[in-house]
2 protein chains.
Amino acid sequence: MRKESSANTLNRNKISNNCGMAYTLDVIGGRWKPTILWSLLNGKLRYSELKKSIPDVSERILVLQLRELEKDGLINRLVYAEVPPRVEYELTKDGASLQPMLQIISEWGDIHRPKKTKD
Amino acid sequence: MRKESSANTLNRNKISNNCGMAYTLDVIGGRWKPTILWSLLNGKLRYSELKKSIPDVSERILVLQLRELEKDGLINRLVYAEVPPRVEYELTKDGASLQPMLQIISEWGDIHRPKKTKD
DNA sequence: TAGAGTACTGACAAAAATGTAAGTAATGAG
DNA sequence: CTCATTACTTACATTTTTGTCAGTACTCTA
């Protein structure tokens, strides 16, 4: 009985379902997701380590983005029953399979991004 | 004297300036941009042809996305002084250079997108 | 009993992205 | 004079994303 969707969401889903490109951009397209994925390419990290390596993100958003990446099957959340708590994040197989693509996306950006003249 | 920016925009710009990946996702990341770019890979199209090939997008948004792609140097807008007006859009050199990347993004999505069971 | 440490959560607010619907300018055809 | 055609624009509304800030649960240590 829940509201199925706005035109906005309907469009998003329709495109994602019909276009691999849109689907991919959907799952890696959050503000901090590329940075998170990039950080995890070298191995798993604790929540606190992620936070330290991405100082500008607020905790709420960081958690949101991690949850979405988890839901989309790109990362695993490993909880250890310890005190104080320990939670580690790592790429799944699907997540790791992004690497070559991320590399190429990154290179295209580095080449085509307008050059800064100073600062 | 203008408002420089919200934390939101500041973060966006900071990331884009430091990370090629984020920059790329920024310029191709609008709702309809991948579809537009994809459509233009085969050659230039008139505004009305684009609209026909992307029936779900509203005119306002289509124009917005085209303007952004133009601003970011991915497409050219060719205006012919005719009546009724004729405007064609084509990829720039930079825009065309996206092709291999888009291909890879698309393939990743096609492989990893959850399969639909029906419909 | 009072912190310290970790990984969050919740209420709220602001900003950005997207969408709807109607209107515009110019001119040639009828 | 009216209508069709094309490529938009404008005013407005809604939805989604991102951000701020304070608080929580759990235990070990001092």
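Because only heavy atoms are used, hydrogens play no part in the values below, and waters and symmetry mates are left out as well, while side chains stay in. Numbered from 1 within each chain, the chains take letters A, B, ... in sequence-line order. Just so you know, these numbers come straight off a predicted model, no measurement behind them.
- The distance between atom CD of B:Glu82 and atom P of C:dA29, rounded to the nearest whole Å, is 14 Å.
- Side-chain contact check for A:Arg113 and B:Asn17: no donor-acceptor pair (N or O, by modelled atom type) lies under 3.5 Å.
- Atom pair B:Ile61:CD1 and D:dT10:C1' shows a separation of 13 Å (rounding to whole Å applied).
- Scanning both residues, B:Met101 and A:Ile105, for their nearest heavy atoms gives SD-CA, 3.8 Å.
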Taking N or O atoms only and anything under 3.5 Å, show me the protein contacts with nucleotides 6-9 of chain C, one pair per line.
unit_1, atom_1, unit_2, atom_2, d
C:dT6, O3', A:Arg46, NH2, 3.1
C:dT6, O3', A:Pro85, O, 2.9
C:dA7, OP1, A:Arg46, NE, 3.0
C:dA7, OP1, A:Arg46, NH2, 3.0
C:dA7, OP1, A:Val87, N, 3.4
C:dA7, OP2, A:Ser48, N, 3.1
C:dA7, OP2, A:Ser48, OG, 3.0
C:dC8, OP1, A:Arg67, NH2, 3.4
C:dC8, OP1, A:Arg77, NE, 3.3
C:dC8, OP1, A:Arg77, NH2, 2.3
C:dC8, OP2, A:Tyr89, OH, 2.8
C:dC8, N4, A:Glu59, OE1, 3.3
C:dC8, N4, A:Glu59, OE2, 3.2
C:dT9, OP2, A:Arg67, NH2, 3.4

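- Between B:Arg46 and B:Glu88 there is no salt bridge, since no side-chain N of the basic residue sits under 4.0 Å from a carboxylate O of the acidic one.
- Straight-line distance from the CG atom of A:Leu62 to the P atom of D:dT17: 17 Å, rounded to whole Å.
- Regarding A:Ile15, its CD1 atom lies at a distance of 13 Å from the C1' atom of C:dG19, rounded to whole Å.
- The CG atom of A:Leu10 sits 17 Å away from the P atom of D:dT14 (whole-angstrom rounding).
- Using a 4.0 Å cut-off, no side-chain N or O of B:Ser58 falls inside it from OP1 or OP2 of C:dT18.
- Counting to the nearest Å, the C1' atom of D:dT15 and the CG atom of A:Asn8 are 6 Å from each other.
- The only member of A:Leu69, A:Leu37, A:Leu98, A:Leu74 that meets side-chain contact (heavy atoms from CB on, under 4.5 Å) when paired with A:Val27 is A:Leu74.
- Overall bending of the helix from C:dT1-D:dA30 to C:dG30-D:dC1, expressed as the angle between end axes built from five pairs apiece, is 30° (10° steps).
- OP1 or OP2 of D:dT17 lies within a sub-4.0 Å distance of a side-chain N or O belonging to A:Arg12.
- B:Arg60 pairs with exactly one of B:Val57, B:Leu62, B:Val63, B:Leu64 by the side-chain contact (heavy atoms from CB on, under 4.5 Å) rule, that one being B:Leu64.
- An OP1 or OP2 oxygen of C:dG19 is reached within less than 4.0 angstrom by a side-chain nitrogen or oxygen of A:Asn11.
- Between A:Glu107 and A:Gln103, some side-chain heavy-atom pair lies under the 4.5 Å cut-off.
- Between A:Leu45 and A:Ser39 the shortest side-chain heavy-atom distance falls below 4.5 Å.
- Taking atom NZ on B:Lys14 and atom P on D:dT18, their separation rounds to 17 Å, with Å as the unit.
- Within the 4.0 Å cut-off from OP1 or OP2 of C:dT18, at least one side-chain nitrogen or oxygen of B:Gln65 is found.
- Relative orientation of the A:Tyr89 and A:Tyr47 rings is tilted, given thresholds of 30° and 60° on the angle between their planes.
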Report the C-alpha separation of A:Arg77 and A:Leu66 in whole Å, then their side-chain angles, then the decisive distance to 0.1 Å, and conclude whether the side-chain contact (heavy atoms from CB on, under 4.5 Å) test is met. CA-CA 9 Å; A:Arg77 180 167 177 269; A:Leu66 288 169; over 6 Å; no

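- For the pair A:Trp32 and A:Ala7, nearest-nucleotide mapping onto DNA chain D gives the more 5' position to A:Ala7.
- Counting to the nearest Å, the C1' atom of C:dA17 and the CG atom of A:Asp26 are 13 Å from each other.
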